[in-house]
Amino acid sequence: MKLAIITALALLLSPPALANKVYVSNEKSNTITVIDSTSWEVLEEFPAGNRPRGIGISPDGQHLYVCASDDDTVRVFDAETYQELWTLPSGPDPELFTLHPSGNPLYVANEDDNLVTVVDTEKRVVIAEIPVGVEPEGMAISPDSRFVINTSETTNMAHFIDTDDYKIKHNILVDQRPRYAVYTDDGSKLFVSSEIGGTVSVIDPLKDGGPELTSKIGFEVAGIQPEWLQPVGMKVTSDNKWLFVALGPANRIAVIDVEKNAVKDYILVGQRVWQLAFTPDQKYLITTNGNSNDVTIIDVDAQKAIKSVQVGQQPWGVVVAPDK
């Protein structure tokens, strides 16, 4: 009886679960939708420039970065008040970016100009412009921050850019139209999704002599035409066990066993699933579904979709505020 009372008191006195804001860029309605990660209620929707796509947040959670692709700039908002603070000189048609873990600099893919632009987020100036392949899109940074990875859609390559001198040190050929790149947290694997090729390339970035393509992961879903299996956005769990891959018009998330490089399951979500984001505790995974104008909430442990939330028109990117 005493144990039961103590347990009940502990539950009553324990702090409530922290809510983290979820920010979704809506490409067609030119807005950002803000969602509460506990109630999954929409809190706000605010204007974000023309054709907002890539979206991210500073490590301290104060600044929200949004690629306003048709404005040729990155807009910076106060993550709490949603007021626009300033813009960053991103270069033409910014689509995706990655932030240095310190929050500075910002590495931006400029799709129309075949450049990766490096921007000082404090001084708000361009540090470097790096020529890459045709139609750069995917951006990632290695866990040790030594390399920035850019994927070029038309050149079909992953470029390894040295963060010290901003020169390309390695190029890895992948399948057609690479869209996204993501590392495991231990840095032992780099995954690159190829939308038209229909595969995820597995790269050993630590190979003696330079990075090496070691295998490719394909997809097969009963009743779904192969050309609809278009891998785009990806996220990998911090324990390096599971890779989640958005499969575009297949309306599925593929669940991949990282150790085996094999598909374990598929999760049905909304229409034309595009990008993904974890909550900080990685309890939930949020997907943006461009044609159904919603996001799907996935329970990561159960590997099941549990809820959908309506947002703006053609949701594209998603990011979750860090714990404070």
Side-chain angles (χ1 to χ4, degrees), residues 24-28 53-54 95-96 111 133-138 151-158 172-182 190-203 213-236 242-258 260-277 285-300 302-311 313-318:
V24 178
S25 60
N26 302 303
E27 184 178 10
K28 192 171 182 180
R53 292 192 285 175
E95 184 162 356
L96 274 172
E111 187 173 22
V134 179
E135 290 189 286
E137 177 160 344
T151 65
S152 52
E153 291 183 50
T154 302
T155 309
N156 301 331
M157 281 186 174
I172 301 294
L173 187 66
V174 294
D175 283 338
Q176 192 174 357
R177 203 171 185 182
R179 281 287 198 171
Y180 201 85
V182 66
L190 173 69
F191 299 101
V192 176
S193 62
S194 295
E195 181 183 16
I196 302 303
T199 63
V200 169
S201 295
V202 185
I203 296 170
L213 176 65
T214 58
S215 64
K216 295 179 182 179
I217 303 168
F219 305 93
E220 185 176 350
V221 179
I224 301 294
Q225 298 179 34
E227 59 268 27
W228 290 359
L229 296 164
Q230 299 176 10
V232 280
M234 301 183 291
K235 290 296 175 187
V236 62
W242 303 110
L243 173 69
F244 295 89
V245 182
L247 294 179
N251 306 335
R252 302 292 197 285
I253 298 294
V255 184
I256 294 174
D257 183 313
V258 169
K260 298 177 181 178
N261 293 330
V263 178
K264 171 184 176 284
D265 204 357
Y266 297 95
I267 303 169
L268 181 65
V269 292
Q271 297 174 20
R272 202 220 67 172
V273 57
W274 203 249
Q275 297 291 350
L276 313 172
L285 179 71
I286 301 102
T287 80
T288 57
N289 312 314
N291 287 347
S292 51
N293 297 331
D294 64 352
V295 300
T296 300
I297 315 303
I298 293 172
D299 183 308
V300 172
Q303 297 181 358
K304 291 183 178 179
I306 59 172
K307 190 177 182 64
S308 66
V309 181
Q310 289 296 126
V311 290
Q313 295 181 56
Q314 208 164 328
W316 197 98
V318 57

Inset, instruction - Decide yes or no for V309 and D294: does some side-chain heavy atom of the first lie under 4.5 Å from some side-chain heavy atom of the second? - result: no
Legend entry - N156 versus S194, side-chain donor and acceptor atoms under 3.5 Å: no
Legend entry - Side-chain heavy atoms of S193 within contact of V200, under 4.5 Å: yes
Legend entry - pair Q271-N251: side-chain heavy atoms closer than 4.5 Å: yes
Legend entry - side-chain contact (heavy atoms from CB on, under 4.5 Å) between Y266 and V255, worked out: CA-CA 6 Å; Y266 297 95; V255 184; over 6 Å; no
Inset, instruction - Report yes if some heavy atom in the side chain of V221 is under 4.5 Å from a heavy atom in the side chain of W228; otherwise report no. - result: no
Legend entry - Heavy-atom side-chain proximity of I286 to I297 below 4.5 angstrom: yes
Legend entry - Reported CZ-to-CG distance for the pair F191 and N261, which is rounded to 0.5 angstrom: 5.5 Å
Inset, instruction - Flag yes if more than 12 heavy atoms outside Q310 fall under 6.0 Å of its CD atom; otherwise flag no. - result: yes
Legend entry - Min side-chain heavy-atom separation D257-W242 under 4.5 Å: yes
Inset, instruction - State, with a plain yes or no, whether a side-chain heavy atom of E195 is found less than 4.5 Å away from one of E137. - result: no
Inset, instruction - Write down the atom of Q275, the atom of G233, and the distance for their closest heavy-atom approach. - result: OE1-CA, 3.5 Å
Inset, instruction - Report yes or no: does T155 contribute a side-chain atom to a donor-acceptor pair with the main-chain N or O of V134 at less than 3.5 Å? - result: yes
Legend entry - Stepwise side-chain contact (heavy atoms from CB on, under 4.5 Å) test for L243 and V182: CA-CA 9 Å; L243 173 69; V182 66; 4.0 Å; yes
Inset, instruction - Starting at CE of M234, measure out to CG of L247 and round the result to the nearest 0.5 Å. - result: 11.0 Å
Legend entry - Interatomic spacing from OG1 in T288 to CG in L276 - rounded to 0.5 Å: 7.0 Å
Legend entry - Steps toward side-chain contact (heavy atoms from CB on, under 4.5 Å) verdict (Y180, V245): CA-CA 10 Å; Y180 201 85; V245 182; over 6 Å; no
Inset, instruction - Enter the distance from K304:NZ to I298:CD1 here, rounded to the nearest 0.5 Å. - result: 12.5 Å
Legend entry - Euclidean distance, D175 CG relative to I196 CD1, rounded to 0.5 Å: 11.0 Å
Inset, instruction - For the residue pair W316 and L96, establish whether any side-chain heavy-atom pair is separated by less than 4.5 Å. - result: yes
Inset, instruction - Work out which heavy atom in V273 is nearest to a heavy atom in V269; give both atom names and the distance. - result: CB-CG2, 3.8 Å
Legend entry - Gap separating the CD1 atom of I224 from the CZ atom of R252, nearest 0.5 angstrom: 4.5 Å
Legend entry - For Q314 against N293, the heavy-atom pair lying closest together: N-OD1, 2.8 Å
Legend entry - Minimum heavy-atom distance V202-L213, with the two atoms named: O-CD1, 3.4 Å
Inset, instruction - Kindly determine whether Q230 and R177 satisfy side-chain contact (heavy atoms from CB on, under 4.5 Å), including the steps that lead there. - result: CA-CA 10 Å; Q230 299 176 10; R177 203 171 185 182; over 6 Å; no
Legend entry - Where G198 and P231 come nearest, the two heavy atoms and their spacing: CA-CD, 3.7 Å
Legend entry - Least distance between heavy atoms, V192 atom then A181 atom: CG2-CB, 4.2 Å
